[in-house]
2 protein chains.
Amino acid sequence: MSGESDTTEKMTAALRKAGIRVTRQRIALLGVLADADDHPDAVELHERAKLIEPSVSLATVYRTLSVLEEGGVVHRHAFQGGGARFETTHEEHHDHILDVDTGEVIEFQSDKIEQLQDEIARDLGYEVVHHRLELYCRKTR
Amino acid sequence: MSGESDTTEKMTAALRKAGIRVTRQRIALLGVLADADDHPDAVELHERAKLIEPSVSLATVYRTLSVLEEGGVVHRHAFQGGGARFETTHEEHHDHILDVDTGEVIEFQSDKIEQLQDEIARDLGYEVVHHRLELYCRKTR
DNA sequence: AATAAGAATGATAACGATTCTCAAAGATAA
DNA sequence: TTATCTTTGAGAATCGTTATCATTCTTATT
């Protein structure tokens with residue numbers, strides 16, 4: 001039996017793997033991110049991280065998010081209104097539907113759209129470095 | 001022969017048509033927007049408007065841009081990095097390619113992509129209210 | 001385990017883009 | 001022309017985020 005939680009070990013390993021120095025704050029924040037199945041902003045992540053590691057400051061949350069982003073561990077999204085929101089990098093690329101009434105975020109993926117994007121760019125003499133596709137939607141009921 | 005410029009008359013008419021009160025500042029800003037073939041931000045629009053009407057303040061530029069947006073006269077875009085950028089509402093809807101090296105903005109339009117978006121949303125029980133599609137690209141040479 | 005060197009941290013100031021406040025000036029309709 | 005209501009300029013305030021800096025912590029090396 002170890003004194004360290006399973007999550008701590010996992011996050012430590014993940015940080016080392018990404019070549020990022022391991023600190024209590026980073027373990028806490030990465031744990032929070034791994035647990036989140038929504039797309040929280042920095043302030044929300046700060047709230048959650050404080051429950052695990054009360055000393056984390058908002059400045060460190062922002063700094064760590066940038067570090068994790070550079071390390072390819074998280075993605076930053078700048079949806080309309082409010083600040084940036086984050087999610088851990090998982091399997092395949094996806095885009096987002098945003099429910100304009102509830103603020104809920106749904107992920108989707110379409111090879112067809114990706115192909116069309118490449119095609120359009122190519123025809124204009126460009127290649128796509130990255131893109132942003134957000135559908136602001138309302139539930140049809 | 002009129003003492004008023006042709007542009008002034010046109011902008012005045014456009015404002016009245018949109019049900020927006022006519023002021024010197026608004027005429028100037030709308031004239032600048034109509035002339036712009038790029039996608040300037042508020043500060044840039046302020047610079048240009050001051051050449052026509054030196055008294056315009058940045059606050060009024062922001063206020064007027066919101067009014068014009070509500071009136072459907074201009075569109076506001078929040079591209080990555082920096083502040084919002086604006087363009088007059090012209091003919092058909094379009095999306096944007098952004099040259100990541102030069103900052104240049106190219107417009108494009110694809111019915112196919114629009115259709116696919118609607119389809120994807122529909123399948124998930126949503127209808128698209130509006131969307132954001134930006135391709136961050138590099139010239140292939 | 002002790003250490004040295006560099007990196008990360010918390011607190012808070014600073015920042016850029018945008019909005020708000022409020023008294024003064026202006027536009028519109030009667 | 002007047003009365004009413006809107007818009008304006010100047011600057012303060014706000015929001016999300018980044019920078020500063022002295023202190024604390026990680027890490028690699030003993």
Side-chain angles (χ1 to χ4, degrees), chain A residues 4 8-9 11-30 32 39-47 49-50 52-71 73-86 103, chain B residues 4 8-9 11-30 32 39-47 49-50 52-71 73-86 103:
Chain A
E4 301 295 310
T8 298
E9 288 169 29
M11 297 310 120
T12 302
L15 288 170
R16 290 211 197 284
K17 193 170 149 200
I20 297 170
R21 285 169 89 96
V22 179
T23 66
R24 263 170 296 121
Q25 295 78 342
R26 288 174 176 180
I27 291 169
L29 183 59
L30 188 52
V32 165
H39 295 69
D41 64 13
V43 172
E44 176 60 30
L45 289 167
H46 183 213
E47 292 303 322
K50 275 192 287 189
I52 300 173
E53 177 55 50
S55 77
V56 221
S57 71
L58 183 54
T60 289
V61 169
Y62 275 110
R63 275 187 294 238
T64 302
L65 286 169
S66 293
V67 169
L68 293 175
E69 190 188 14
E70 279 159 32
V73 181
V74 307
H75 277 141
R76 176 192 304 259
H77 300 293
F79 300 135
Q80 271 179 27
R85 298 167 65 172
F86 302 83
Chain B
E4 300 296 309
T8 298
E9 288 168 28
M11 297 310 121
T12 301
L15 288 170
R16 288 209 198 286
K17 191 168 149 201
I20 296 170
R21 285 168 90 97
V22 179
T23 66
R24 262 170 298 121
Q25 294 82 338
R26 288 174 176 180
I27 291 169
L29 183 60
L30 188 52
V32 165
H39 295 68
D41 64 13
V43 171
E44 176 61 29
L45 289 168
H46 183 212
E47 293 302 324
K50 275 192 288 190
I52 300 172
E53 177 55 51
S55 77
V56 223
S57 72
L58 184 54
T60 289
V61 170
Y62 274 110
R63 275 187 295 238
T64 302
L65 285 169
S66 293
V67 170
L68 293 175
E69 190 188 13
E70 280 159 30
V73 181
V74 307
H75 277 142
R76 177 192 305 258
H77 301 293
F79 300 134
Q80 272 180 27
R85 298 168 66 174
F86 302 83

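Everything numeric in this text was worked out from a predicted model, so none of it was measured. Chain letters run A, B, ... following the sequence lines, proteins first, then strands; residues in each count from 1.
- Under 4.0 angstrom from either OP1 or OP2 of D:dT26 there lies no side-chain N or O belonging to A:Thr23.
- In this structure, CG of B:Leu58 is placed 12 Å from C1' of D:dG11, rounded to the nearest angstrom.
- OP1 or OP2 of C:dA8 has at least one side-chain nitrogen or oxygen of A:Arg26 nearer than 4.0 Å.
- Side-chain atoms of A:Ser57 lie closest to C:dG10 of the nucleotides C:dG10, D:dG9, C:dT19.
- Dashed line: the shortest gap from a side-chain N or O of A:Ser55 to OP1 or OP2 of C:dT9 is not under 4.0 Å.
- Between the side chain of B:Thr64 and the backbone N or O of B:Thr60 there is at least one donor-acceptor pair closer than 3.5 Å.
- You'll find that the side chain of B:Ala59 is closest to C:dC20, out of C:dT12, C:dC20, C:dG26.
- The distance from atom CG of B:Leu30 to atom P of D:dT7 is 15 Å, rounded to the nearest whole Å.
- Checked against D:dT17, D:dT7, C:dA17, the side chain of B:Tyr62 finds its nearest nucleotide in C:dA17.
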Test side-chain contact (heavy atoms from CB on, under 4.5 Å) applied to B:Leu29 and B:Val56, step by step:
CA-CA 9 Å; B:Leu29 183 60; B:Val56 223; 5.8 Å; no
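- Protein atom CZ of B:Arg63 is 12 Å distant from nucleotide atom C1' of C:dT18, rounded to whole Å.
- Side-chain atoms of A:Leu15 and A:Leu68, non-hydrogen and from C-beta on, do get closer than 4.5 Å to each other.
- For the pair A:Arg16 and D:dT27, the criterion of a side-chain N or O lying under 4.0 Å from OP1 or OP2 is met.
- B:Arg21 contributes no side-chain N or O that forms a donor-acceptor pair with the base of D:dT4 under 3.5 Å.
- As rounded to whole Å, 11 Å separates atom C1' of C:dT18 from atom CG of B:Leu65.
- When distances are taken from the side chain of B:Arg24 to each of D:dT20, D:dT26, C:dG26, the shortest belongs to C:dG26.
- Taking atom NE2 on B:His46 and atom P on C:dA17, their separation rounds to 14 Å, with Å as the unit.
- The nearest heavy atom of DNA chain C to A:Val56 and to B:Ile20 marks one nucleotide each, and the one closer to the 5' end goes with A:Val56.
- In this structure, B:Leu15 atom CG and D:dT7 atom P are separated by 11 Å, rounded to whole Å.
- Rounded to whole angstrom, the span from the NZ atom of B:Lys50 across to the C1' atom of D:dG9 amounts to 13 Å.
- Taking each heavy atom of A:Ala42 and A:Val61 in turn, the nearest pair found is O-CG1, 3.7 Å.
- Classification of the A:Phe79-A:His77 ring pair by plane angle, with boundaries at 30° and 60°, yields parallel.
- Regarding contacts with the backbone of C:dG26, every side-chain N or O of B:Gln25 stays at 4.0 angstrom or more from both OP1 and OP2.
- With C:dT28, C:dT18, C:dT19 as the choices, the nucleotide that has an atom nearest any side-chain atom of B:Val22 turns out to be C:dT28.
- Regarding B:Glu69, its CD atom lies at a distance of 11 Å from the P atom of C:dT18, rounded to whole Å.
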